[in-house]
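Below is one structure, written out as structure tokens; comments come after it.
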There are 2 protein chains.
Amino acid sequence: MSETGRSTRERILQAAGKLFYGEGIRAVSVDAVAEKAGLTKRTLYYHFRSKDDLIAAYLEIRDQPNLALFKRWFAEADGDVAAKVEAIFRNLARSARHAKWKGCGFLRTSVELVNLPGHPAMVIGRAHKKRVEDWLCSVFEDAVNPQQARQLARQVILLLDGAFAVVLLHRDPSYMETAGAAAAHLVRGLMPPPRKSIKAANVRRTIRSRTG
Amino acid sequence: MSETGRSTRERILQAAGKLFYGEGIRAVSVDAVAEKAGLTKRTLYYHFRSKDDLIAAYLEIRDQPNLALFKRWFAEADGDVAAKVEAIFRNLARSARHAKWKGCGFLRTSVELVNLPGHPAMVIGRAHKKRVEDWLCSVFEDAVNPQQARQLARQVILLLDGAFAVVLLHRDPSYMETAGAAAAHLVRGLMPPPRKSIKAANVRRTIRSRTG
DNA sequence: TTGTGTATATTCACTGGTCAGTATACATAA
DNA sequence: TTATGTATACTGACCAGTGAATATACACAA
């Protein structure tokens, strides 16, 4: 029956998500996923062809919501594009304070599969990061010289992924804010100067007149 | 016999290094390391108490040479501090073009041990990154407002580790150069302006005379 | 309504293999 | 004879994946 089938599949994916993200794909056995989902391993193998399939599905369903979260944080933030980008990092820093936070599932999976570059999960991971980069690029095209948008998007991605790695290593979310400040600085460096000089907040950001 | 013992230990560490770095610590069995070292597992266990011990030793011996390499690349580069930092990224980009390159062993190990924050290898990894950060900090203290040196060092570290992750994911070393450009930009943004204004070359690299 | 076939969904119990670590013995040198 | 170093062969646990049987539900014919 398709309804029961779908919900079983979802229960498996939910269990796999928690375990794979929380402990890593190699540290989690198929038996553990099945047990967490409340069914037998054989049933799991009825719904997924292999563990690799399950891993790919685990990342697949995280792609869209992940990007949507970034977009929401960006949209809901006040200020210019630089401030909106910085807001993404600030929100991530907040997430990173939860004990269950374990960095970026895409990056971590790519590390665990480092010698299987063609693995479906690797393909999905690359596509996800590319999608985030493309979105940032489109955002920057409206704010800076479009010729520089791609490079800027990549630099922000580098700071983002660097922060994922460093915060995970040191378990210190403040690196996420440091990355956000750097990202905002890079964006501002390419933005045209505002019409009205603003006495900018008590934060450490200042406006720079390029004419000198 | 201490001499044979030491060289045996070194053979084990060499084999472990190649395998752990090349395939990841979880993907490599103790048997595989022993075989690569040309001895039996039992002999390996005579020289190392456990696999975890071996993993820690594998990282330990990479700490100093790794930092030394950064220092050498920095010292041998021409130009101002920003250019010298960028040179580190350029050299890393060159390394990343080799097929055997698999990113940063410290970061990758920390991902594989994500749920064992007290693991000796994690402690060593954190110490290593901290040492690089401290070195960068000391470098920046002579080039920018010392109060901003720590933050700047962290931002460069974030770009560095981000580049490790992103280049590994996409297998595209050009991200390393993009990260270097961002790092140089961040450094320059905090450096005192040079005496003579320069009409900046077609590349983004310029030579600066500090004497003016 | 009852019986029968069929596709879906699930279970138990198993296989073949790997892995970290060890018990035991043997060799060599001080 | 005692300490050091090496080898063979093993243990117990775990793990990805499977074989064979069973349960459920729906379709359609009698």
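Source: prediction; values computed, not measured. Hydrogens, waters and symmetry mates play no part in the numbers below; they use all other heavy atoms, side chains included.
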Between side-chain atoms of residues 102-114 of chain B and protein atoms elsewhere (two or more places apart, or another chain), which donor-acceptor pairs fall under 3.5 Å?
unit_1    : atom_1 : unit_2    : atom_2 : d
Lys102(B) : NZ     : Asn115(A) : OD1    : 2.9
Lys102(B) : NZ     : Gly22(B)  : O      : 3.3
Arg108(B) : NH1    : Tyr21(B)  : O      : 2.7
Arg108(B) : NH1    : Lys102(B) : O      : 2.9
Arg108(B) : NH2    : Tyr21(B)  : O      : 3.0
Thr109(B) : OG1    : Gly105(B) : O      : 2.7
Ser110(B) : OG     : Leu107(B) : O      : 2.8
Glu112(B) : OE1    : Arg26(B)  : N      : 3.1
Glu112(B) : OE2    : Ile25(B)  : N      : 2.8

Closer than 4.0 angstrom, basic N to acidic O: yes or no for Arg150(A) and Asp134(A)?
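A salt bridge is present here (some side-chain N lies under 4.0 Å from a carboxylate O).
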
Would you call Asp31(A)-Lys36(A) a salt bridge at under 4.0 Å N-O?
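Looking at Lys36(A) together with Asp31(A), the answer is no, because their closest N to O distance does not fall below 4.0 Å.
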
For [X] and [Y], indicate whether the former's side chain and the latter's backbone hold a donor-acceptor pair under 3.5 Å.
X: Arg62(B); Y: Tyr58(B); result: yes
X: His119(A); Y: Ala121(A); result: yes
X: Lys84(B); Y: Ala77(B); result: yes

Apply side-chain contact (heavy atoms from CB on, under 4.5 Å) to [X] and list each qualifying residue two or more places apart in sequence or on a separate chain.
X: Glu177(B); result: Arg90(B), Ala93(B), Arg97(B)
X: Arg42(B); result: Thr40(B), Tyr45(B)
X: Ala127(B); result: Arg131(B)
X: Ala143(A); result: Val81(A)

Which pairs, with at least one residue in residues 155-177 of chain B and sequence neighbours excluded, count as a ring pair (Phe, Tyr, Trp, His ring centres under 6.0 Å)?
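Qualifying pairs, neighbours excluded: His170(B)-Tyr175(B).
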
When you measure from the side chain of Ser50(A), which nucleotide among dA16(D), dG17(D), dG5(D) comes out closest?
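Output: dG17(D).
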
Using OP1 and OP2 only, check whether a side-chain N or O of [X] sits under 4.0 Å from [N].
X: His47(A); N: dT10(C); value: yes
X: Tyr46(A); N: dT10(C); value: no
X: Ser29(A); N: dC14(D); value: no

Ranges pairing with ranges for DNA chain C, where each run has three or more Watson-Crick or G-U pairs under 3.5 Å
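Stem list for DNA chain C: C:1-30 with D:1-30.
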
Strictly by salt bridge (charged side-chain N to carboxylate O under 4.0 Å, His left out), give each pair with a member in residues 135-148 of chain A just once, sequence neighbours left out.
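Every pair satisfying salt bridge (charged side-chain N to carboxylate O under 4.0 Å, His left out) with a residue in residues 135-148 of chain A: there are none.
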
Interatomic distance where [atom1] belongs to [X] and [atom2] belongs to [N] [whole Å]:
X: Tyr45(B); N: dT8(D); atom1: OH; atom2: C1'; value: 16 Å
X: Leu54(A); N: dG17(D); atom1: CG; atom2: P; value: 10 Å
X: Asp52(B); N: dG21(C); atom1: CG; atom2: C1'; value: 12 Å
X: Arg26(A); N: dA16(D); atom1: CZ; atom2: C1'; value: 13 Å
X: Glu23(B); N: dT18(C); atom1: CD; atom2: C1'; value: 15 Å
X: Leu44(A); N: dA9(C); atom1: CG; atom2: P; value: 14 Å
X: Arg9(B); N: dT6(D); atom1: CZ; atom2: P; value: 13 Å
X: Phe48(A); N: dA9(C); atom1: CZ; atom2: C1'; value: 14 Å

Residues which pass side-chain hydrogen bond (donor to acceptor under 3.5 Å, both in side chains) with Ser138(A), listed by chain and number, not counting sequence neighbours
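Partners of Ser138(A) by the side-chain hydrogen bond (donor to acceptor under 3.5 Å, both in side chains) criterion come out as none, since no residue qualifies.
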
Close N/O contacts between protein and nucleotides 19-21 of chain D (under 3.5 Å):
unit_1  : atom_1 : unit_2   : atom_2 : d
dG19(D) : N7     : Arg42(A) : NE     : 3.4
dG19(D) : O6     : Arg42(A) : NE     : 2.7

Strand-adjacent residues in residues 30-41 of chain B, judged by heavy atoms under 4.0 Å from DNA chain D:
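Within residues 30-41 of chain B, the residues near DNA chain D are Leu39(B), Thr40(B).
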
Measure across Met176(A) and Ala163(A) and return the closest heavy-atom pair with its distance rounded to 0.1 Å.
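It is SD-CB, 3.4 Å.
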
Specify the residues of residues 114-122 of chain B, ordered by number, for which at least one heavy atom lies under 4.0 angstrom from an atom of DNA chain C.
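Within this stretch, nothing sits under 4.0 Å of the strand.
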
